[in-house]
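Down below is the structure, laid out as structure tokens.
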Amino acid sequence: MVASLHHHTRAALLLAGVASLGLAWRRRASHQPLLPRAAQLCVWWLRQRLLRLWLVTHDLCPLESVRLVGGVDISFVKESTTDACAALVVVDPATQEVVYEACRRIVLTAPYIPGYLAFREVRFLLQLVEELRSTRPELMPQVILSDGNGILHPNHFGVACHLGVLAGIPTVGVGKTLHHVDGLSKESVRRLSESLIKAGDHALLVGQSGTVWGAVLRTTSPAEGNFKPVIISVGHGISLNSAISLVWRTCKHRIPEPVRQADLRSREWLRRNGSQCSA
DNA sequence: GCGACAG
DNA sequence: ATCTTGTCGC
């Protein structure tokens, strides 16, 4: 009886999603260009809502049982927005040593659209995780740090959540800049940063709605001068407090070691292997 | 209409 | 993400 706006909205979105799926099918079959941008975004939006049903935002396993931490990143060939190298590294937080490394040449197909980063990158990250799971299961990390955000996202489902849910492994979103959401802005980060006195200090990112989206963490000491905090949010299967604690534990530099090493090594790989094609 | 907008 | 010069400091 009381058909809320919510229900109408959901029904409309569902219809739009189904409609665009049908459209995608026809175009694909007839070698037409891709789905219209608006329709594609709608499909992706729905996919985020669906996958979110599997999202877990508390600890699936105690922090004390984390023995290995993974990190993923993608680096691009100079002039290109499609040719890149995806990397997955595993670090032993006790020694900060890299115990596993895998780089893979990739060709991205989807464009970068704020809010939909996962649809551009996550399939390649998943391949690397599955490869590790099947070839060196003993080196599977208990948590993976991902560049880009987790629930700090307009649809509460950033690339870190996406990777975590699809790979079935806890993840943490580690961002270098803020994704503006719920009134949070550069100014919010600047204000919160004033309360971060020493390395290891953090402050919660609370939006206008009162939602806790994540936290800013100072990872460099006052002696190093000006600083930009790292932005942390829950990816999957881990609580915010555990995520902050874990990231801080792996911070030898501003960027936590697993992500930093994935970044360094994917770039190094591109340098060594030229920018030529070598699937 | 204009600017903002993870990587 | 990537394009870039210099610069401050260990």
Side-chain angles (χ1 to χ4, degrees), chain A residues 37-38 40-41 44-45 48 52 71-88 103-126 128 144-164 171-190 205 207-208 211 213-217 220-236 243 247 252-256 258-260 262-271 274-275:
Chain A
R37 171 64 50 93
Q40 179 63 272
L41 292 186
W44 284 349
W45 188 92
Q48 290 177 335
R52 218 175 95 183
V72 289
D73 191 30
I74 293 178
S75 292
F76 290 79
V77 170
K78 290 189 178 183
E79 294 279 80
S80 180
T81 53
T82 57
D83 299 333
C85 173
L88 163 64
C103 290
R104 166 172 286 176
R105 184 85 163 74
I106 61 174
V107 177
L108 296 106
T109 54
Y112 168 65
I113 299 170
Y116 300 93
L117 176 64
F119 297 96
R120 175 165 163 80
E121 299 189 341
V122 86
R123 55 167 291 211
F124 305 104
L125 304 179
L126 258 174
L128 289 172
I144 292 178
L145 307 187
S146 162
D147 56 338
N149 303 125
I151 63 173
L152 171 41
H153 176 277
N155 213 2
H156 295 268
F157 203 77
V159 63
C161 304
H162 210 122
L163 176 63
T171 54
V172 173
V174 179
K176 293 180 283 296
T177 63
L178 179 73
H179 191 163
H180 297 197
V181 129
D182 192 17
L184 294 172
S185 65
K186 304 261 192 234
E187 182 58 22
S188 316
V189 172
R190 199 192 60 70
L205 283 163
Q208 287 179 344
T211 301
W213 296 89
V216 287
L217 171 69
T220 56
S221 75
E224 299 173 72
N226 294 115
F227 74 100
K228 263 182 78 173
V230 150
I231 292 148
I232 300 170
S233 58
V234 168
H236 173 64
V247 168
K252 199 160 75 181
H253 304 279
R254 183 172 95 96
I255 304 300
V259 174
R260 180 169 169 272
D263 178 41
L264 291 173
R265 291 169 190 241
S266 55
R267 286 189 201 195
E268 167 67 17
W269 192 95
L270 284 176
R271 285 210 320 255
S275 306

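Since this is a predicted model, take the numbers as computed values, not measurements. Residue numbering restarts at 1 for every chain, and letters A, B, ... go by the order of the sequence lines.
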* Taking only residues two or more places apart in sequence, or in another chain, which ones meet A/L128 in a side-chain contact (heavy atoms from CB on, under 4.5 Å)? -> A/A86, A/L88, A/A102, A/R104
* Can you check the A/F124 CZ to C/dA1 P distance for me, whole Å? ->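 Rounded to whole Å, this separation is 17 Å.
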* Find the distance A/K78:NZ to C/dT2:P and express it as a whole number of Å. =>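 Atom-to-atom, A/K78 to C/dT2, this comes out as 12 Å.
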* To do: Can you check each nucleotide of nucleotides 2-7 of chain B against protein heavy atoms at under 4.0 Å and return B for base, S for sugar-phosphate only, - for none, in 5' to 3' order?
  => ---SBB
[X]: ring pair (Phe, Tyr, Trp, His ring centres under 6.0 Å) partners, not counting sequence neighbours:
| X | result |
| --- | --- |
| A/H236 | none |
| A/F124 | none |
| A/H156 | A/W213 |

* Quick one: pull up CD1 in A/I144 and CG in A/L163 and give me the separation to the nearest 0.5 Å. => 5.5 Å
* Asked: Is the backbone N or O of A/V77 less than 3.5 Å from a side-chain atom of A/S80, with the two atoms forming a donor-acceptor pair by type?
  -> no
* Say whether, by atom type as modelled, one donor and one acceptor occur between the side chain of A/S185 and the main chain of A/E187 under 3.5 angstrom. => yes
* To do: Please examine the side chains of A/L41 and A/I113, heavy atoms only from C-beta on, and report whether any two atoms are closer than 4.5 Å.
  => yes
For [X], check side chain to side chain donor-acceptor pair (under 3.5 Å) against everything at least two apart and list the hits.
| X | answer |
| --- | --- |
| A/R37 | none |
| A/S233 | none |
| A/R123 | none |

Show the distances under 3.5 angstrom between N or O atoms of the protein and N or O atoms of nucleotides 6-9 of chain C.
none

* Paired stretches of DNA chain C - 3 or more consecutive Watson-Crick or G-U pairs, each distance under 3.5 Å -> none
* Asked: Cut-off 3.5 Å, side chains only: do A/N155 and A/Q48 have a donor facing an acceptor?
  ->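 A donor-acceptor contact under 3.5 Å links the two side chains.
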Side-chain atoms of residues 114-122 of chain A: list all donor-acceptor pairs with protein atoms under 3.5 Å, sequence neighbours left out, distances to 0.1 Å.
residue, atom, partner, partner atom, Å
A/R120, NH1, A/T81, O, 3.3
A/R120, NH1, A/A110, O, 2.7
A/R120, NH2, A/T81, O, 2.6

* To do: Could you summarise the pairing of DNA chain B as dot-bracket text, marking Watson-Crick and G-U pairs under 3.5 Å with ( ) or [ ] inside the strand and | across strands?
  => .......
